[in-house]
Amino acid sequence: MVNYYKILKVSPTASLAEIKSAYRRLARKLHPDVNGNSEKATEDFAIIAKAYEILSDVQERSFFDKQLTKANGSIHS
């Protein structure tokens, strides 16, 4: 299972502000416009965008946390 916390390099206890900051930092680094519009950059950017979408929505994040716990036995894995 994809761990969106690891993708954004934040703790599972991160606040919304920390998640937003991590996303913005990575977006500046990985944005396709900055990386010659390569296919890899586009894929990487899509992954961090999806991670932000899930973790910034309270209901989606709660559901994701439950799935992550089921898959790993712990949210911190």
Side-chain angles (χ1 to χ4, degrees):
M1 174 176 200
V2 175
N3 186 328
Y4 293 130
Y5 294 109
K6 287 184 180 180
I7 288 170
L8 292 183
K9 299 177 180 148
V10 296
S11 162
T13 60
S15 69
L16 183 55
E18 290 170 316
I19 290 168
K20 187 175 189 176
S21 176
Y23 166 72
R24 286 184 173 181
R25 176 180 38 81
L26 288 170
R28 282 191 299 272
K29 179 180 174 185
L30 299 174
H31 196 280
D33 289 349
V34 176
N35 292 288
N37 288 316
S38 74
E39 190 173 320
K40 172 88 169 103
T42 301
E43 290 170 8
D44 290 346
F45 187 77
I47 291 169
I48 65 163
K50 182 66 173 179
Y52 178 69
E53 176 186 335
I54 298 297
L55 297 181
S56 65
D57 180 286
V58 175
Q59 288 180 320
E60 289 286 337
R61 184 175 180 179
S62 177
F63 180 76
F64 173 74
D65 288 349
K66 288 176 188 168
Q67 296 302 315
L68 192 60
T69 300
K70 250 190 234 181
N72 298 329
S74 169
I75 195 169
H76 297 283
S77 294

Please name the pair of heavy atoms, one in Tyr5 and one in Ser11, separated by the smallest distance, quoted to 0.1 Å.
CD2-O, 3.6 Å

What's the verdict on side-chain contact (heavy atoms from CB on, under 4.5 Å) for Ile19 and Arg61, showing C-alpha distance, side-chain angles and the deciding distance?
CA-CA 11 Å; Ile19 290 168; Arg61 184 175 180 179; 3.2 Å; yes

CD1/Ile47 to OG1/Thr42 distance, rounded to the nearest 0.5 angstrom?
11.0 Å

Heavy-atom count around Arg24 CZ within 6.0 Å, excluding the residue itself: above 12?
no

Is the backbone of Asp65 close enough, under 3.5 Å, to the side chain of Thr69 for a donor and an acceptor to pair up by distance?
yes

Under the criterion side-chain contact (heavy atoms from CB on, under 4.5 Å), I'd like the reasoning laid out for Tyr4 against Glu53: C-alpha separation, chi angles, the key distance, then a yes or no.
CA-CA 10 Å; Tyr4 293 130; Glu53 176 186 335; over 6 Å; no

Leu55, Phe63: one ILVMFWY side-chain cluster at the under-4.5 Å cut-off?
no

What is the distance from atom NZ of Lys9 to atom CD1 of Ile7, rounded to the nearest 0.5 Å?
10.5 Å

Pick one: which of Ile54, Leu26, Asn3 meets side-chain contact (heavy atoms from CB on, under 4.5 Å) with Leu8?
Leu26

Closest heavy-atom pair, Ala22 versus Val10, reported as atoms and distance to 0.1 Å, is CB-CG1, 3.4 Å

If I take atom NZ from residue Lys20 and atom OG from residue Ser15, how far apart are they, to the nearest 0.5 angstrom?
11.0 Å

Under 30°, 30 to 60°, or over 60°: which ring-plane class applies to Tyr52 and Tyr23, parallel, tilted or perpendicular?
parallel

Find the distance between NZ (Lys70) and CD (Gln67) and round it off to the nearest 0.5 Å.
4.5 Å

Return the CG to NE2 distance between Asn37 and His31, rounded to the nearest 0.5 Å.
8.5 Å

